[in-house]
Amino acid sequence: MTAERLDQPRALRRPLRPHYDPETFGRLSERIARFLGTARFIVYMTVFVVVWLIWNLAVPPQLRFDPYPFIFLTLMLSLQASYAAPLILLAQNRQDDRDRIQYEQDREAAERNQAEIEYLTREIAGLRIALDEVATRDYLRSELTRLLEELKEHR
């Protein structure tokens, strides 16, 4: 068995799986999921199925490609559903991830706001305490009046 040498880079190997960009695939799946959830898609699918049924019921038998039990139509709709469901789930998972990140950012902002409110509350309390120690105009007036009366009494 040959030991790998740590002083040399590994030989490049071609990956067996095809490479794809998960972000691009995720954005594409979101676009498809958004389209599948629209009235336009329902109208398109309804028109498709109605045309399929009319074609396979009204045209001459030699031109029909999917006779009455419409097995091929059922297969096509099943295939469409089998692709649509995972794409919708992928889009929902990506939305959940975005919501989770947004929730975390909102929570952090709320914590910062709470800290700022607590700081401002402490500052206001400090100012109130400092104002209680400051002589107000009314307090000075009352003290001066009291001193004036004392001076008048001592004369």
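Below, all heavy atoms of this structure are taken into account, side chains as well, without hydrogens, waters or symmetry copies. As the structure is a computational prediction, the values presented were derived from the model and not from experiment.
Sorted by first and then second residue, the pairs that involve residues 68-94 and meet salt bridge (charged side-chain N to carboxylate O under 4.0 Å, His left out), not counting sequence neighbours, are Glu23-Arg94, Glu30-Arg94. Here ring-ring contact (aromatic ring centres under 6.0 Å, His included) pairs that include residues 24-44, with residues two or more places apart or in two chains, are Tyr20-Phe25, Phe35-Phe41. Sorted by first and then second residue, the salt bridge (charged side-chain N to carboxylate O under 4.0 Å, His left out) pairs with a member in residues 65-89 form an empty list; sequence neighbours excluded.
For Glu104, the side-chain contact (heavy atoms from CB on, under 4.5 Å) partners at least two apart in sequence or on another chain are Arg107, Glu108. Remark: Arg128 engages Ile124 in a side-chain contact (heavy atoms from CB on, under 4.5 Å) (not counting sequence neighbours). Every ring pair (Phe, Tyr, Trp, His ring centres under 6.0 Å) that Tyr68 has, sequence neighbours left out, goes to Phe70. For Gln8, the side-chain contact (heavy atoms from CB on, under 4.5 Å) partners at least two apart in sequence or on another chain are Arg5. Annotation: ring pair (Phe, Tyr, Trp, His ring centres under 6.0 Å) contacts of Phe72 (sequence neighbours excluded): Trp52. The side-chain hydrogen bond (donor to acceptor under 3.5 Å, both in side chains) check on Gln80 picks up nothing, with sequence neighbours excluded. The side-chain contact (heavy atoms from CB on, under 4.5 Å) check on Glu118 picks up Gln114, Arg122, with sequence neighbours excluded. For Arg146, the side-chain hydrogen bond (donor to acceptor under 3.5 Å, both in side chains) partners two or more places apart in sequence, or in a different chain, are Glu143, Glu150.
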N/O donor-acceptor pairs under 3.5 Å from side chains in residues 57-65, not counting sequence neighbours:
residue : atom : partner : partner atom : Å
Arg64   : NE   : Asn56   : O            : 3.3
Arg64   : NE   : Val59   : O            : 2.9
Arg64   : NH2  : Leu57   : O            : 3.0
Arg64   : NH2  : Val59   : O            : 3.1

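Within the 4.5 Å cutoff, side-chain heavy atoms of Tyr83 are placed close to those of Leu79. Side-chain atoms of Leu151 and Leu147, non-hydrogen and from C-beta on, never get closer than 4.5 Å to each other.
Side-chain atoms of Gln92 and Asp96 form no donor-acceptor pair, as typed in the model, at a separation below 3.5 Å.
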